[in-house]
Amino acid sequence: MSDEVVLVEVRVDRDLCVGVGQCEALAAHVLRVSDDGVAEVVAPGLLERSLADAVIEACPTGAISVAPGKNDSMGRGAENRSP
Amino acid sequence: MTTHVAPDLTTPSLYLSGIPHRQLADMRATSGLVWHPYEGGGFWAATRHADIKEISKRDDLFSSAVGHTNLWDLEADALEARRSIIDTDGPDHVRLRRLVSAAFTPRNVRRWEDTTRAIANELVEQFVSDAGGDFVAKVAAPLPIRVILTILGVPVEDADFLVELSNYLVEGTGEQPSLPADAFGNTTPLRLLPFASPASHALFEYGERLGAERRAAPQDDLVTALMPAGDDGDRLSVSEYRNLFHVLVFAGNETTRTAITHGVMAFGRFPDQWARVTADPSLLDSAVEEILRWATPVLHMRRTATEDTELAGTSVGRGQKIVMWYAGANFDDAVFTDPDRFDVGRSPNPHFAFGGGGPHFCLGAFLARMEIKILLEELIAAGVTFDDVGEPVRVASNFVHGVLSLPVGPVR
């Protein structure tokens with residue numbers, strides 16, 4: 001279990017985002033600021049839990065969150081697991 | 001209420017001998033916020049990392065648009081004439097910020113790396129062949145201004161003029177500006193101009209002329225991108241445009257110049273840290289962050305409470321001013337181990353050189369980081385050492401931690 005990578009789905013609150021780009025600096029493969037100055041999620045928007053936490057902490061406007069998503073069989077909300 | 005009076009944090013000449021770290025430490029150790037008298041009134045001084053973070057985040061409670069973001073209130077007409085992206089809240093801020101955000105993301109800043117390296121290389125080579133000199137005039141000032149002007153689309157032959165204007169603006173933050181009110185053909189009352197400086201008039205005028213040129217003949221640059229296209233003319237008013245241009249030019253060069261200069265001063269004082277980063281380039285990123293923390297290029301920003309509230313156990317009344325003294329946060333031992341040590345390997349380094357977070361987080365943060373890192377790389381590649389760093393001439397300003405000149409001897 002300890003080697004397991006937990007993936008979560010992140011989302012951007014377009015009302016809060018002002019396009020600072022901290023998320024892009026940390027996770028450009030999943031989050032990037034588009035030409036309209038708002039961050040967008042690159043599908044499927046999955047990040048390792050620890051990286052997602054770092055991105056959420058780094059966003060100055062609190063615009064990033066973990067999507068509630070569908071519960072999986074483990075009842076873990078948006079968490080997706082892969083070995 | 002805790003009142004703190006001596007020495008007065010707002011006295012510009014206080015900063016001629018550097019940041020008053022001991023006083024800031026005393027204020028951090030005082031419970032609650034500290035009431036600081038100022039011009040017949042006063043403000044709440046925030047010096048702790050946690051408090052500045054909270055103020056920055058709660059932009060609904062602590063407004064940038066009311067009164068002013070500087071210590072003194074502006075009259076209504078002056079506030080409107082001088083209102084920049086820095087002095088806005090909510091939807092107005094979001095609209096302005098999003099117009100320029102995309103240009104300064106990590107991905108887009110990377111587009112300017114080669115340009116930055118070429119400029120840095122040229123300046124460092126010249127500095128070495130000159131056997132040193134004033135590091136501010138020869139390296140720290142020209143690098144960021146030339147980069148931001150390239151991004152904006154300002155012709156390189158105008159760079160010296162804009163550096164000159166920027167220098168006058170810095171001076172405008174201090175005690176005794178030297179320009180006459182009608183300098184640069186200015187006829188606008190000074191109170192309606194940023195930094196109450198006629199240099200702002202010249203910068204407004206320059207920005208408007210360049211904007212008109214780009215509207216007529218678009219180029220691949222930021223000024224062109226800011227010009228309204230077709231019937232989209234409402235997205236940026238004339239006043240918003242010129243104040244935005246002003247902020248991009250000023251903040252895009254003065255702050256990074258300051259960071260670079262304080263970095264060199266720190267390496268002169270702590271040669272072991274220059275040796276460390278020279279020997280191990282993997283320390284470059286953390287060295288940049290430590291330079292930013294150490295430099296704290298902007299000394300404070302002010303907010304105004306929009307309602308009665310409480311912060312750090314202190315009651316703050318609606319309409320009262322709260323001033324965030326960023327150097328307090330950047331040397332807060334509740335957050336930084338051994339904060340008075342300049343440590344290029346410091347990690348984590350949650351400094352507030354770009355502000356305390358929230359929507360006003362520095363627009364140019366990634367650009368500044370990129371410029372400083374590339375300059376360090378070029379200095380290392382040129383074999384530069386800082387064994388002979390002289391005494392700086394500092395700016396008498398409570399707002400920018402500026403350095404006018406820094407003599408550096410032969411560097412290798």
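- For a heavy-atom cut-off of 4.5 Å, chain A lies close to B/Gly357, B/Gly358, B/Pro359, B/Phe361, B/Phe366, B/Arg369 in residues 353-374 of chain B.
- Between chain B and the options A/Gly62, A/Ala58, A/Gly21, the largest number of non-hydrogen pairs under 4.5 Å is found for A/Gly21.
- Around the CD atom of A/Glu57, the shell of radius 6.0 Å holds no more than 12 heavy atoms that belong to other residues, nucleotides or ligands.
- A/Gly19 approaches B/Thr105 most closely through the heavy-atom pair O-CG2, 4.2 Å.
- For A/Glu24 and B/Arg110, the salt-bridge test fails: no basic side-chain N is under 4.0 Å from an acidic carboxylate O.
- The interface of residues 32-39 of chain A with chain B, defined by heavy-atom distances below 4.5 Å, comprises A/Arg32, A/Val33, A/Ser34, A/Asp35, A/Asp36, A/Gly37, A/Val38.
- In the displayed structure, A/Arg14 atom CZ is contacted under 6.0 Å by at most 12 heavy atoms of other residues, nucleotides or ligands.
- Residue B/Asp60 places its CG atom among more than 12 non-hydrogen atoms of other residues, nucleotides or ligands, all under 6.0 Å distant.
- No other option in A/Cys59, A/Ala63, A/Ala25 has as many heavy-atom pairs under 4.5 Å with chain B as A/Ala25.
- The closest donor-acceptor contact from the side chain of B/Arg98 to the backbone of A/Cys17 lies under 3.5 Å.
- Residue A/Ala28: no heavy atom, backbone or side chain, is found under 4.5 Å from chain B.
- Chain B forms the most heavy-atom pairs under 4.5 Å with one residue out of A/Thr61, A/Asp15, A/Val20, A/Leu16, and that residue is A/Val20.
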